[in-house]
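Counting starts at 1 for both ligands and their atoms, following the listed order.
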Amino acid sequence: MTKTLRTQVLIIGAGPAGLLLGQLLHKAGIDNLIVERQTGDYVLGRIRAGVLEQTTVELLDRAGVAARLHAEGLVHHGFELMFDGQRHHIDLSRLTGGKSVTVYGQTEVTRDLMAARAAAGEPTLYSATDVELFGFDGDQPGARCTVDGERIEIHCDYIAGCDGYHGVSRASVPAEAIRTHEKVYPFGWLGLLSDTPPVSHELIYGRHERGFTLCSMRSSTRSRYYLQVPLTEQAGDWSDERFWNELRSRLDPAAAAALVTGPSLEKSIAPLRSFVAEPMRFGRLFLAGDAAHIVPPTGAKGLNLAASDVHYLSQALIEHYRERSEAGIAHYSARCLSRIWKAERFSWWFTSLMHKLPNEPEIDAKLHRAELEYVVSSDAAMASMAENYVGLPW
Ligand code: APR
Ligand code: PHB
């Protein structure tokens, strides 16, 4: 026996992209159903970046899910660039006409979106296996899946593929209809989360002989630190003590002395990748978020790009249902990709500038150092970095 369901927009994936799209559509009176491979707890267990652009905050406001973000998020007007044992302040607000970013973990954004979805009573099928899309090249798209041993067939008007890099949506597109671009970096980030006060009230991005370091935070009592490590490293080989010693060795003397250490709550290694799939619409299937693109985490653009895709997609669908206009749908892919490629460029540039390649030739190290010196001594160069960091306009 197969159960049959019907919705207007079927969303694959309950990460931040899928949940935010669902919430914006719900507010516009468009019904939607989310199908998620994992459990809700599993989704909330993933630790991801935590810097929101102002436009992302505005979108979360419009979605009605920003109350806790405003109460608990930390507004940052700048960050610090560290190299040659010195920190240099990048005054984001001065350089961008008053813009800022908000430090608030992606896990918390996801938690707020899940709570809003539960309150709205919109359905989510968690722990869905064997998800299979059909018919998106015609006008009767849908998906089949299994939940608790029951086969379910869902019919819809449109499918939003918000199922991340490893999802089924992009993989369902015929190879000849899609083009992918990819760069894998020869190092990873070892991250540690701890209930310790952050070493500085601003984020520190550091280039060091021993590798890149990022000092970030989730709150005034919870820190998130990262170390560049070779891809051959295993998180299990890093005791907390080894992590803290390595971090301290890459900080300037004042930060090293101020660093408060404590037991880790989480430690994991993430690879770094640049990836774009083009186009982002295939008939009645749209890709959004990590399903279509990945940026290396330097600059924290991943979640913010997912938010801008969801903005364009929700607008396109609202125009379709309210005004019978297909313009937003027709332009969805081009609108997204124009912004995505600029964020890809910035993330690649910031990554290349701050990391030390294995066996890096001395000339490259000298060129990076010269560029860092240029960035911190030229208002024009600093303004370029700042306007990309706070987020380009939609
Ligand atoms: N069927 C249903 N759901 C799936 C499937 C599938 N076949 N494959 C994957 N999923 C789910 C995943 O379990 C996950 O919960 O899709 C969701 C995708 O969520 P994310 O990977 O968080 O991607 P996205 O919502 O686009 O968020 C982008 O997350 O990875 C970060 O850097 C990224 O911050 C950015 C943000
Ligand atoms: C994080 O806090 O996890 C974070 C912050 C800034 C980045 C990347 C990650 O650029």
Undergrad: Applying the side chain to side chain contact (heavy atoms under 4.5 Å, CB included) test to Leu247, which of Thr261, Leu214, Leu227 qualifies?
TA: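 Only match with Leu247 under side chain to side chain contact (heavy atoms under 4.5 Å, CB included): Leu227.
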
Undergrad: I need the Leu19 CG to Met114 CE distance, nearest 0.5 Å.
TA: 5.5 Å

Undergrad: List every atom of ligand 1 that sits less than 4.0 Å from any heavy atom of Gln38, numbering the atoms from 1 in the order shown and giving each element.
TA: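 Listed by number with element: 13 (O).
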
Undergrad: Between the side chains of Lys3 and Glu153, is the shortest nitrogen-to-carboxylate-oxygen separation below 4.0 Å, so that they form an ion pair?
TA: no

Undergrad: Which atoms from ligand 1 have a heavy atom of Val168 less than 4.0 Å away?
TA: 7 (N)

Undergrad: How close does the nearest protein non-hydrogen atom get to atom 2 (C) of ligand 1, and which residue and atom is it?
TA: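 Of every protein heavy atom, Arg37 N, 3.3 Å lies nearest to atom 2 (C) of ligand 1.
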
Undergrad: Which heavy atom of Arg218 sits nearest to which heavy atom of Ser216, and what is that distance?
TA: NH1-OG, 4.0 Å

Undergrad: May I ask you to test the Phe136-Tyr158 pair for a side-chain heavy-atom distance under 4.5 Å?
TA: no

Undergrad: Decide whether an N or O pair under 3.5 Å exists between Arg46 and ligand 1.
TA: yes

Undergrad: When you compare ligand 2 with Gly299, is there at least one nitrogen or oxygen pair between them that comes in under 3.5 angstrom?
TA: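 Yes, there is a polar N/O contact under 3.5 Å.
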
Undergrad: Counting only heavy atoms, which portion of Leu203 has something under 4.0 Å from ligand 2: side chain, backbone, both, or neither?
TA: side chain

Undergrad: Of all the atoms in ligand 1, which lie at a distance below 4.0 Å from a heavy atom belonging to Ile12?
TA: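 Heavy-atom distances to Ile12 below 4.0 Å select 1 (N), 2 (C).
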
Undergrad: Considering heavy atoms of the protein only, find what lies nearest to atom 19 (O) of ligand 1 and give residue, atom and distance to 0.1 Å.
TA: Gly15 CA, 3.5 Å

Undergrad: With heavy atoms of Gly167 as the reference, note each atom of ligand 1 found under 4.0 Å away.
TA: 8 (N)

Undergrad: Starting from atom 27 (O) of ligand 1, find the nearest protein heavy-atom neighbour and note its residue, name and distance.
TA: Pro16 CG, 3.5 Å

Undergrad: How are the rings of Phe350 and Tyr389 set relative to one another: parallel (under 30°), tilted (30 to 60°) or perpendicular (over 60°)?
TA: perpendicular

Undergrad: For Arg345, I'd like to know if atom CZ has over 12 heavy atoms of other residues, nucleotides or ligands within 6.0 Å.
TA: yes

Undergrad: At a 4.0 Å threshold, what atoms of ligand 1 neighbour a non-hydrogen atom of Gly289?
TA: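 Ligand 1 atoms under the 4.0 Å threshold to Gly289: 26 (O).
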
Undergrad: Examine Ala17 against ligand 1 and note whether any of their N/O atoms are separated by less than 3.5 Å.
TA: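 It does: an N or O of Ala17 is found under 3.5 Å from an N or O of ligand 1.
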
Undergrad: If you count the atoms of ligand 2 from 1 in the order shown, which ones are under 4.0 Å from a heavy atom of Pro297?
TA: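 Numbered from 1, ligand 2 contributes 7 (C), 8 (C), 10 (O).
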
Undergrad: How does Ala49 reach ligand 2, by side chain, by backbone, by both or by neither, if only non-hydrogen atoms under 4.0 Å count?
TA: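 The answer is both.
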
Undergrad: Quick check on contacts: which atoms of ligand 2 are under 4.0 angstrom from a heavy atom of Gly50?
TA: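 The atoms of ligand 2 under 4.0 Å from a heavy atom of Gly50 are 1 (C), 2 (O), 3 (O).
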
Undergrad: Heavy-atom pairs closer than 4.0 Å: do any link ligand 1 to the side chain of Asp163, the backbone, both, or neither?
TA: both

Undergrad: Give the atoms of ligand 1, by number and element, whose distance to some non-hydrogen atom of Val131 is under 4.0 Å.
TA: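 With Val131 as reference, the close atoms of ligand 1 come out as 1 (N).
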
Undergrad: Nearest 0.5 Å, please: how far is NZ in Lys356 from CG in Asn359?
TA: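 Output value for this atom pair is 8.5 Å.
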
Undergrad: Taking the six-membered ring of Tyr332 (Phe, Tyr or Trp), confirm whether the NZ or CZ of Arg281 is under 6.0 Å from its centre and within 45° of its axis.
TA: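 Ring-cation test returns no.
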
Undergrad: Among all protein non-hydrogen atoms, which one is nearest to atom 34 (O) of ligand 1, and what is the separation to 0.1 Å?
TA: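 Protein heavy atom with the smallest distance to atom 34 (O) of ligand 1: Gln106 OE1, 2.6 Å.
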
Undergrad: Ignoring angles and geometry beyond distance, decide whether Tyr226 reaches within less than 3.5 Å of ligand 2 through its nitrogen or oxygen atoms.
TA: yes

Undergrad: Assign the ring pair Trp189 / Tyr226 to parallel, tilted or perpendicular, where the plane angle (0 to 90°) is split at 30° and 60°.
TA: tilted

Undergrad: When rounded to the nearest 0.5 angstrom, what distance separates OG1 in Thr351 from OH in Tyr205?
TA: 10.0 Å

Undergrad: Looking at non-hydrogen atoms alone, which of Leu125, Val109, Asp290 comes nearest to atom 23 (O) of ligand 1?
TA: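 Result: the heavy atom closest to atom 23 (O) of ligand 1 is in Asp290.
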
Undergrad: In the protein, what heavy atom is nearest to atom 5 (C) of ligand 2, and what distance, to one decimal place, separates them?
TA: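 So the nearest neighbour among protein heavy atoms is Ser216 OG, 3.5 Å.
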
Undergrad: Run the numbers for me: atoms of ligand 1, each under 4.0 Å from some heavy atom of Leu303, listed by number.
TA: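 Here the atoms of ligand 1 in question are 34 (O), 35 (C).
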
Undergrad: Just wondering, are more than 12 heavy atoms of other shown residues or ligands nearer than 6.0 Å to OH in Tyr42?
TA: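 Counting other residues, nucleotides and ligands, OH of Tyr42 stays at 12 neighbours or fewer.
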
Undergrad: Name the option, out of Lys301, Glu132, Glu36, that contains the heavy atom nearest to atom 17 (C) of ligand 1.
TA: Glu36

Undergrad: Which of the numbered atoms in ligand 2 are under 4.0 angstrom from any heavy atom belonging to Val51?
TA: 5 (C), 6 (C)

Undergrad: Within the 4.0 Å heavy-atom shell around Val43, which atoms of ligand 1 are there?
TA: 15 (O)

Undergrad: Give the contacting part of Arg48 toward ligand 1: side chain, backbone, both or neither, where contact means a heavy-atom distance below 4.0 Å.
TA: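 It is the side chain that gets close, since no backbone atom is under 4.0 Å.
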
Undergrad: Compare Gly13, Gly302, Cys162 and give the one whose heavy atom is closest to atom 18 (C) of ligand 1.
TA: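 Nearest heavy atom to atom 18 (C) of ligand 1 lies in Cys162.
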
Undergrad: Do any nitrogen or oxygen atoms of Tyr205 come within less than 3.5 Å of a nitrogen or oxygen of ligand 2?
TA: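 For ligand 2, there is an N or O atom that lies under 3.5 Å from one belonging to Tyr205.
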
Undergrad: For Arg218, counting its heavy atoms only, list the atoms of ligand 2 lying under 4.0 Å from any of them.
TA: 1 (C), 2 (O), 3 (O)

Undergrad: Can you say whether the rings of Trp394 and Tyr312 are parallel (under 30°), tilted (30 to 60°) or perpendicular (over 60°)?
TA: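 Tilted.
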
Undergrad: Can you see whether Arg339 engages Asn304 through a side-chain donor-acceptor pair at a distance of less than 3.5 angstrom?
TA: no

Undergrad: At their closest point, which heavy atom of Pro141 faces which heavy atom of Ile159, and how far apart are they?
TA: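 The pair with the smallest heavy-atom distance is CB-CD1, 4.0 Å.
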
Undergrad: Calculate, to the nearest 0.5 Å, the distance between atoms OG1 and CD belonging to Thr124 and Glu36 respectively.
TA: 9.0 Å

Undergrad: Output yes when the distance from some N or O of ligand 2 to some N or O of Arg224 is under 3.5 Å, and no in every other case.
TA: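 Min N/O separation from ligand 2 is not below 3.5 Å for Arg224.
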
Undergrad: Which residue in the set Glu278, His293, His181 passes side-chain hydrogen bond (donor to acceptor under 3.5 Å, both in side chains) when paired with Trp341?
TA: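 For Trp341, the side-chain hydrogen bond (donor to acceptor under 3.5 Å, both in side chains) check succeeds only for Glu278.
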
